[in-house]
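Below you'll find the structure, written out as C-alpha coordinates, and then a few comments.
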Amino acid sequence: AVVSTQSTGDLEVDEEIIEIEPEKKGNKSKKAEAKDSNSNVGWQTNVLMELRKLVNHPLLCARTFYTDTQIEEIALALVSKDRDFSEYEYPELLEDLQFSSDFQVHQLALNHKSIKKYALTQEQLYDSSGKLTKLKSILENLKKEKARVLIFSQMTRMLDILEGFLEKLDYKFLRLDGQTPVTERQDLIDEYNNNKDIFIFL
(Lines give C-alpha, C1' and ligand atoms only; values in the text may rest on other atoms or scores of the structure.)
Protein backbone atom coordinates (compact mmCIF):
# COMPACT_ATOMS: atom_id res chain seq x y z
CA ALA A 1 0.00 0.00 0.00
CA VAL A 2 1.21 3.51 -0.78
CA VAL A 3 0.47 6.39 1.59
CA SER A 4 1.05 9.81 0.02
CA THR A 5 1.09 13.27 1.59
CA GLN A 6 1.37 16.42 -0.51
CA SER A 7 2.30 19.96 0.48
CA THR A 8 0.29 22.76 -1.16
CA GLY A 9 3.39 24.77 -2.09
CA ASP A 10 5.87 22.80 -4.17
CA LEU A 11 3.67 19.76 -4.52
CA GLU A 12 6.27 17.66 -2.80
CA VAL A 13 5.24 14.05 -2.48
CA ASP A 14 6.47 11.82 0.33
CA GLU A 15 5.75 8.21 -0.25
CA GLU A 16 6.02 5.50 2.34
CA ILE A 17 5.69 1.86 1.48
CA ILE A 18 3.82 -0.10 4.10
CA GLU A 19 3.89 -3.85 3.92
CA ILE A 20 0.64 -5.54 4.80
CA GLU A 21 0.72 -9.16 5.75
CA PRO A 22 -1.76 -11.35 3.93
CA GLU A 23 -4.63 -12.65 6.04
CA LYS A 24 -3.70 -15.91 7.65
CA LYS A 25 -5.89 -18.81 8.46
CA GLY A 26 -7.27 -18.41 11.90
CA ASN A 27 -7.54 -14.63 11.61
CA LYS A 28 -10.80 -13.24 12.93
CA SER A 29 -13.73 -13.20 10.56
CA LYS A 30 -15.57 -9.99 9.78
CA LYS A 31 -18.40 -11.23 11.98
CA ALA A 32 -16.02 -11.76 14.90
CA GLU A 33 -14.43 -8.34 14.33
CA ALA A 34 -17.88 -6.73 14.29
CA LYS A 35 -18.68 -8.50 17.55
CA ASP A 36 -15.46 -7.18 19.10
CA SER A 37 -16.28 -3.70 17.81
CA ASN A 38 -19.75 -3.82 19.39
CA SER A 39 -18.19 -5.08 22.62
CA ASN A 40 -15.80 -2.11 22.67
CA VAL A 41 -18.66 0.32 22.06
CA GLY A 42 -20.62 -1.27 24.91
CA TRP A 43 -17.61 -1.02 27.21
CA GLN A 44 -17.09 2.66 26.35
CA THR A 45 -20.77 3.39 26.91
CA ASN A 46 -20.60 1.69 30.30
CA VAL A 47 -17.54 3.72 31.28
CA LEU A 48 -19.26 6.96 30.28
CA MET A 49 -22.31 6.03 32.33
CA GLU A 50 -20.14 5.28 35.37
CA LEU A 51 -18.43 8.66 34.95
CA ARG A 52 -21.84 10.37 34.77
CA LYS A 53 -22.78 8.66 38.03
CA LEU A 54 -19.50 9.63 39.64
CA VAL A 55 -19.84 13.35 38.94
CA ASN A 56 -23.33 13.27 40.46
CA HIS A 57 -22.48 11.32 43.61
CA PRO A 58 -19.90 8.63 44.46
CA LEU A 59 -22.62 6.54 46.13
CA LEU A 60 -24.07 5.81 42.69
CA CYS A 61 -20.93 3.94 41.63
CA ALA A 62 -19.22 0.82 42.87
CA ARG A 63 -18.77 0.38 46.61
CA THR A 64 -16.62 2.88 48.46
CA PHE A 65 -17.84 2.79 52.05
CA TYR A 66 -18.89 -0.84 52.51
CA THR A 67 -16.04 -3.31 52.91
CA ASP A 68 -16.11 -6.89 51.61
CA THR A 69 -16.41 -8.09 55.21
CA GLN A 70 -19.46 -5.91 55.83
CA ILE A 71 -21.10 -7.15 52.63
CA GLU A 72 -20.55 -10.74 53.77
CA GLU A 73 -22.07 -9.94 57.17
CA ILE A 74 -25.08 -8.24 55.55
CA ALA A 75 -25.71 -11.18 53.23
CA LEU A 76 -25.49 -13.66 56.11
CA ALA A 77 -27.82 -11.59 58.32
CA LEU A 78 -30.43 -11.29 55.57
CA VAL A 79 -30.41 -14.99 54.70
CA SER A 80 -30.55 -16.14 58.32
CA LYS A 81 -32.78 -13.50 59.93
CA ASP A 82 -34.99 -11.90 57.28
CA ARG A 83 -38.10 -13.60 55.90
CA ASP A 84 -37.87 -11.66 52.65
CA PHE A 85 -34.60 -13.43 51.89
CA SER A 86 -35.38 -16.87 53.29
CA GLU A 87 -35.48 -18.40 49.80
CA TYR A 88 -32.06 -17.04 48.87
CA GLU A 89 -28.87 -19.04 49.07
CA TYR A 90 -26.02 -17.21 50.78
CA PRO A 91 -23.61 -17.33 47.79
CA GLU A 92 -26.33 -16.05 45.44
CA LEU A 93 -27.23 -13.08 47.65
CA LEU A 94 -23.60 -12.31 48.37
CA GLU A 95 -22.86 -12.08 44.65
CA ASP A 96 -25.80 -9.72 44.13
CA LEU A 97 -24.65 -7.45 46.95
CA GLN A 98 -21.07 -7.41 45.73
CA PHE A 99 -22.23 -5.79 42.50
CA SER A 100 -24.52 -3.28 44.23
CA SER A 101 -23.65 0.37 44.77
CA ASP A 102 -23.21 1.82 48.25
CA PHE A 103 -26.54 3.58 47.96
CA GLN A 104 -28.38 0.38 47.01
CA VAL A 105 -26.91 -1.41 50.03
CA HIS A 106 -27.76 1.58 52.23
CA GLN A 107 -31.40 1.56 51.06
CA LEU A 108 -31.55 -2.16 51.77
CA ALA A 109 -30.25 -1.52 55.29
CA LEU A 110 -32.90 1.14 55.90
CA ASN A 111 -35.71 -1.21 54.89
CA HIS A 112 -34.63 -4.32 56.82
CA LYS A 113 -34.34 -4.34 60.60
CA SER A 114 -31.81 -7.19 60.63
CA ILE A 115 -29.19 -5.01 58.93
CA LYS A 116 -30.28 -1.50 59.95
CA LYS A 117 -27.04 -0.96 61.83
CA TYR A 118 -25.21 -1.01 58.48
CA ALA A 119 -27.02 2.08 57.15
CA LEU A 120 -24.63 4.86 56.17
CA THR A 121 -24.23 7.98 58.30
CA GLN A 122 -25.45 11.41 57.21
CA GLU A 123 -21.85 12.45 56.63
CA GLN A 124 -21.18 9.49 54.34
CA LEU A 125 -24.38 10.13 52.43
CA TYR A 126 -24.09 13.85 51.84
CA ASP A 127 -20.65 15.18 52.75
CA SER A 128 -18.92 12.80 50.33
CA SER A 129 -20.25 14.65 47.29
CA GLY A 130 -18.70 17.89 46.10
CA LYS A 131 -21.79 18.55 44.01
CA LEU A 132 -24.11 18.35 47.02
CA THR A 133 -21.78 20.55 49.04
CA LYS A 134 -21.98 23.19 46.32
CA LEU A 135 -25.74 22.71 45.96
CA LYS A 136 -26.19 23.32 49.68
CA SER A 137 -24.44 26.67 49.36
CA ILE A 138 -26.48 27.65 46.27
CA LEU A 139 -29.77 26.73 47.95
CA GLU A 140 -28.92 28.75 51.04
CA ASN A 141 -28.39 31.84 48.90
CA LEU A 142 -31.54 31.25 46.85
CA LYS A 143 -33.57 30.77 50.01
CA LYS A 144 -32.39 34.14 51.31
CA GLU A 145 -33.45 35.72 48.02
CA LYS A 146 -36.88 34.08 48.36
CA ALA A 147 -36.37 32.33 45.03
CA ARG A 148 -37.92 28.99 44.13
CA VAL A 149 -36.02 26.09 42.62
CA LEU A 150 -36.50 23.31 40.07
CA ILE A 151 -33.94 20.49 40.18
CA PHE A 152 -33.78 18.02 37.29
CA SER A 153 -32.04 14.66 37.14
CA GLN A 154 -32.19 11.79 34.66
CA MET A 155 -31.34 9.31 37.40
CA THR A 156 -34.04 8.15 39.82
CA ARG A 157 -31.44 7.13 42.39
CA MET A 158 -29.99 10.63 42.29
CA LEU A 159 -33.46 11.95 43.09
CA ASP A 160 -33.58 9.49 46.02
CA ILE A 161 -30.32 10.95 47.33
CA LEU A 162 -31.54 14.51 46.79
CA GLU A 163 -34.76 13.73 48.63
CA GLY A 164 -32.88 12.66 51.76
CA PHE A 165 -30.51 15.59 51.36
CA LEU A 166 -33.36 18.13 51.26
CA GLU A 167 -35.07 16.48 54.22
CA LYS A 168 -31.85 16.84 56.18
CA LEU A 169 -31.74 20.56 55.30
CA ASP A 170 -35.42 20.87 56.31
CA TYR A 171 -36.52 22.30 52.96
CA LYS A 172 -40.08 21.81 51.73
CA PHE A 173 -40.17 20.11 48.34
CA LEU A 174 -42.23 18.02 45.94
CA ARG A 175 -41.04 15.26 43.66
CA LEU A 176 -42.21 14.07 40.26
CA ASP A 177 -40.49 11.22 38.42
CA GLY A 178 -41.25 8.30 36.11
CA GLN A 179 -42.94 6.40 38.93
CA THR A 180 -45.40 9.18 39.66
CA PRO A 181 -48.90 8.19 38.40
CA VAL A 182 -49.93 10.24 35.37
CA THR A 183 -53.16 11.22 37.11
CA GLU A 184 -51.20 12.87 39.95
CA ARG A 185 -48.60 14.80 37.95
CA GLN A 186 -50.63 17.88 37.13
CA ASP A 187 -51.85 18.05 40.73
CA LEU A 188 -48.24 18.15 41.94
CA ILE A 189 -47.40 20.91 39.47
CA ASP A 190 -50.45 22.92 40.53
CA GLU A 191 -49.61 22.43 44.21
CA TYR A 192 -46.10 23.73 43.67
CA ASN A 193 -47.32 26.72 41.65
CA ASN A 194 -49.99 27.64 44.21
CA ASN A 195 -48.08 27.01 47.43
CA LYS A 196 -45.23 29.49 47.73
CA ASP A 197 -43.98 27.76 50.89
CA ILE A 198 -42.71 24.83 48.79
CA PHE A 199 -39.13 25.82 48.01
CA ILE A 200 -38.05 23.07 45.62
CA PHE A 201 -39.57 20.87 42.93
CA LEU A 202 -37.64 17.71 42.03
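The shown structure was predicted, so the numbers you read here are calculated from the model rather than taken from an experiment.
Judged by distance alone, with hydrogens and angles left aside, the side-chain atoms of His106 form no donor-acceptor pair with the main-chain N or O of Ala119 at under 3.5 Å. In this structure, Lys113 contributes its side chain and Leu110 its backbone to no donor-acceptor pair below 3.5 Å. Between the side chain of Ser100 and the backbone N or O of Asp96, at least one donor-acceptor pair lies under 3.5 Å. A donor-acceptor pair under 3.5 Å is absent between the side-chain atoms of Asn195 and the main chain of Glu191, judged by distance alone. Not one N or O on the side chain of Asp177 forms a donor-acceptor pair closer than 3.5 Å with the backbone of Thr156. With Gln124 contributing its side chain and Thr121 its backbone, the two residues share a donor-acceptor pair below 3.5 Å.
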Practice problem: Check the pair Leu202, Leu166 against side-chain contact (heavy atoms from CB on, under 4.5 Å), reporting the backbone distance first and the verdict last. | Solution: CA-CA 10 Å; Leu202 294 177; Leu166 297 177; 4.0 Å; yes
Practice problem: Decide yes or no on side chain to side chain donor-acceptor pair (under 3.5 Å) for Ser101 and Gln104, but give the supporting numbers first. | Solution: CA-CA 5 Å; Ser101 68; Gln104 287 173 305; 3.3 Å; yes
Practice problem: Would you please test Phe85 and His112 for ring pair (Phe, Tyr, Trp, His ring centres under 6.0 Å) and show each step? | Solution: CA-CA 10 Å; Phe85 293 88; His112 295 274; 5.2 Å; yes
Quiz item: Would Ile74 and Tyr66 count as a side-chain contact (heavy atoms from CB on, under 4.5 Å) if you check the C-alpha gap in whole Å, the side-chain angles of each, and the deciding distance to 0.1 Å?
Solution: CA-CA 10 Å; Ile74 290 170; Tyr66 289 103; 4.2 Å; yes
Exercise. Apply the test side-chain contact (heavy atoms from CB on, under 4.5 Å) to residues Asp84 and Asn111: give CA-CA distance (whole Å), side-chain angles for both, the deciding distance (0.1 Å), then the verdict.
Key: CA-CA 11 Å; Asp84 292 342; Asn111 294 324; over 6 Å; no
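Dense packing is recorded around CD of Gln186, with more than 12 heavy atoms of other residues, nucleotides or ligands lying under 6.0 Å away. The 12-atom threshold is exceeded at CD of Gln122, counting heavy atoms of other residues, nucleotides or ligands nearer than 6.0 Å. The environment of CD in Glu95 is sparse: at most 12 heavy-atom neighbours from other residues, nucleotides or ligands sit within 6.0 Å. The local environment of CG in Asn141 is crowded, with over 12 non-hydrogen atoms from other residues, nucleotides or ligands closer than 6.0 Å. Within 6.0 Å of NZ in Lys117 there are 12 or fewer heavy atoms belonging to other residues, nucleotides or ligands. Dense packing is recorded around NZ of Lys168, with more than 12 heavy atoms of other residues, nucleotides or ligands lying under 6.0 Å away.
Annotation: side chain of Leu162 is in contact with side chain of Leu135 (closest heavy-atom distance under 4.5 Å). Between Ile200 and Leu139 there is a side-chain heavy-atom pair separated by less than 4.5 Å. Counting only heavy atoms from C-beta outward, the side chains of Thr133 and Tyr126 never approach each other to under 4.5 Å. Residues Val105 and Leu120 are not in side-chain contact: their nearest non-hydrogen atoms beyond the backbone lie 4.5 Å or more apart. Side-chain contact between Gln70 and Phe65: absent, with no pair of heavy atoms (C-beta onward) separated by less than 4.5 Å. For the pair Glu73 and Ile115, the minimum side-chain heavy-atom distance is 4.5 Å or more.
Counting all heavy atoms, side chain and backbone alike, Ser153 lies closest to Leu159 at CB-CD2, 3.9 Å. Of all heavy-atom pairs spanning Thr180 and Glu184, the tightest one is CG2-CB, 4.4 Å. Between Asp187 and Thr183, the shortest heavy-atom contact is OD2-O, 3.7 Å.
Looking at Tyr192, Phe173, Phe152, Tyr171 one by one, the single match for ring-ring contact (aromatic ring centres under 6.0 Å, His included) with Phe201 turns out to be Tyr192.
Here Ser114 contributes atom OG and Leu76 contributes atom CG; the two are 10.0 Å apart, rounded to the nearest 0.5 Å. With rounding to the nearest 0.5 angstrom, the CD atom of Gln107 is 11.5 Å from the CG atom of Asp102. Considering CG of Leu78 and OG of Ser86, their distance stands at 11.0 Å, rounded to 0.5 Å. If you take CZ on Arg148 and NZ on Lys143, they are separated by 9.5 Å, rounding to the nearest 0.5 Å. Atom CD1 of Ile189 sits about 10.5 Å away from atom CG of Leu174, to the nearest 0.5 Å. Rounding to the nearest 0.5 Å gives a distance of 9.0 Å between CE of Met158 and CD1 of Ile151.
In the hydrophobic clustering of this structure, Ile138 groups with Leu132; members are Ile, Leu, Val, Met, Phe, Trp, Tyr whose side-chain heavy atoms approach within less than 4.5 Å, directly or through other members. Cluster annotation: Leu150 and Ile198 are assigned to the same hydrophobic cluster (Ile/Leu/Val/Met/Phe/Trp/Tyr, side-chain heavy-atom contacts under 4.5 Å, transitive).
Using a 4.0 Å cut-off between a side-chain N of Lys or Arg and a carboxylate O of Asp or Glu, Asp160 and Arg175 qualify as a salt bridge.
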